[in-house]
Undergrad: 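So that we are looking at the same thing, I have put the structure below in structure tokens.
Any value given below was found using the heavy atoms of this structure, including those in side chains, with hydrogens, waters and symmetry copies removed. Chain A is the first sequence line, chain B the second, and so forth, proteins listed ahead of strands; every chain is numbered from 1.
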Protein chains: 2
Amino acid sequence: MQAKTVDFATDLQELAQFAKLFSHPARIAIVKLLAEKKNCISGDIANELPLSRTTVCQHLQELKNSGLIKGEISGLNVNYCLDNKKWKDIKSKFEAFLNISVPHFECNC
Amino acid sequence: MQAKTVDFATDLQELAQFAKLFSHPARIAIVKLLAEKKNCISGDIANELPLSRTTVCQHLQELKNSGLIKGEISGLNVNYCLDNKKWKDIKSKFEAFLNISVPHFECNC
DNA sequence: TTTGTATGTCGCAAACATACGAATTAAATT
DNA sequence: AATTTAATTCGTATGTTTGCGACATACAAA
């Protein structure tokens, strides 16, 4: 009931949303592909993944709605690419979280 | 239909599972609390979150099942703590992903 | 203008996630 | 032994995600 999510601090909500972007292997694969810049074309991306075109398109839209990727029509094709600014934003916020100090002694557990 | 997830490379699946752990603000909050080591006790954790004890317990179990946290009974209480080894593992794999080179030029989009 | 090709949207179904009250377990206290 | 307390499991309601076929759009080419 996800609604309760709103009761958390906004930075936690934001981080959780970023994490959700990466919570499906298809979306990680898409991001990696675009980072490697093997290609940008929608159809080529779909061909690389073990999912229907429809489903890949949905994952692309999700990434696009979040602002992590951009798409531009080029004739019959659509070229996708990462948004560098957004990527850096996500990266820095995630790294800040990953760098929370973890106690070097074992807890009483 | 989540079943299709299996058709992806195992490292992508693993990363996606880690991301899923952080895809809810309650679980991020729990991890942060344990990292700051403000306390370890189940009930205290529940008191810090805007959720019922039952629900917090569920999130704790999820984190525990993944191996990220451990719990130890201490009388009537249960002390939780992060598993340092697992945390380092997740951290390094996530950082590797976040460090994929992003093209410094803007794509044709 | 008709045909083909690349993308994307809609609607549905199955699976999964979130949330909580009630019941349960198990140790501590009286 | 009975009661209290802390934590968890069970059952259930509801919302979200994933996945896909069928349909729609939009440009390109014949």
Undergrad: Are A/I73 and A/I45 joined in one hydrophobic group, where the rule is that I, L, V, M, F, W and Y side chains link up if heavy atoms are under 4.5 Å apart?
TA: yes

Undergrad: If only side-chain N and O atoms of A/Y80 are considered, is one of them under 4.0 Å from the OP1 or OP2 phosphate oxygen of C/dG8?
TA: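 So the side chain of A/Y80 is within the cut-off, an N or O lying under 4.0 Å from OP1 or OP2 of C/dG8.
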
Undergrad: A/C57 and side chain to side chain contact (heavy atoms under 4.5 Å, CB included): which partner among A/R53, A/Q61, A/H59?
TA: A/Q61

Undergrad: Between B/R27 and A/N77, just flag the one whose closest nucleotide in DNA chain C comes earlier from the 5' side.
TA: A/N77

Undergrad: Check whether any side-chain nitrogen or oxygen of B/K4 sits under 4.0 Å from OP1 or OP2 of C/dA15, and answer yes or no.
TA: no

Undergrad: Check each residue of residues 50-57 of chain B for a non-hydrogen atom within less than 4.0 Å of any atom in DNA chain D, then write out the ones that pass by number, or none.
TA: B/T54, B/C57

Undergrad: What about the rings of A/F18 and B/F22, do their centers lie closer together than 6.0 Å?
TA: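 No, ring centres 6.0 Å or more apart.
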
Undergrad: For a quick test of reading the model: is some side-chain N or O of B/H59 closer than 4.0 Å to OP1 or OP2 of C/dA17?
TA: no

Undergrad: Sort me out a list of protein N/O and nucleotides 24-30 of chain C N/O pairs below 3.5 Å, or just none if empty.
TA:
none

Undergrad: B/Q58 side chain: which of C/dT18, C/dC20, D/dT18 is closest?
TA: C/dC20

Undergrad: Tabulate below the donor-acceptor pairs under 3.5 Å that side-chain atoms of residues 28-35 of chain B make, not counting sequence neighbours, or state none.
TA:
none

Undergrad: For the CD atom of A/Q58 and the CZ atom of A/R27, what is their distance to the nearest 0.5 Å?
TA: 10.0 Å

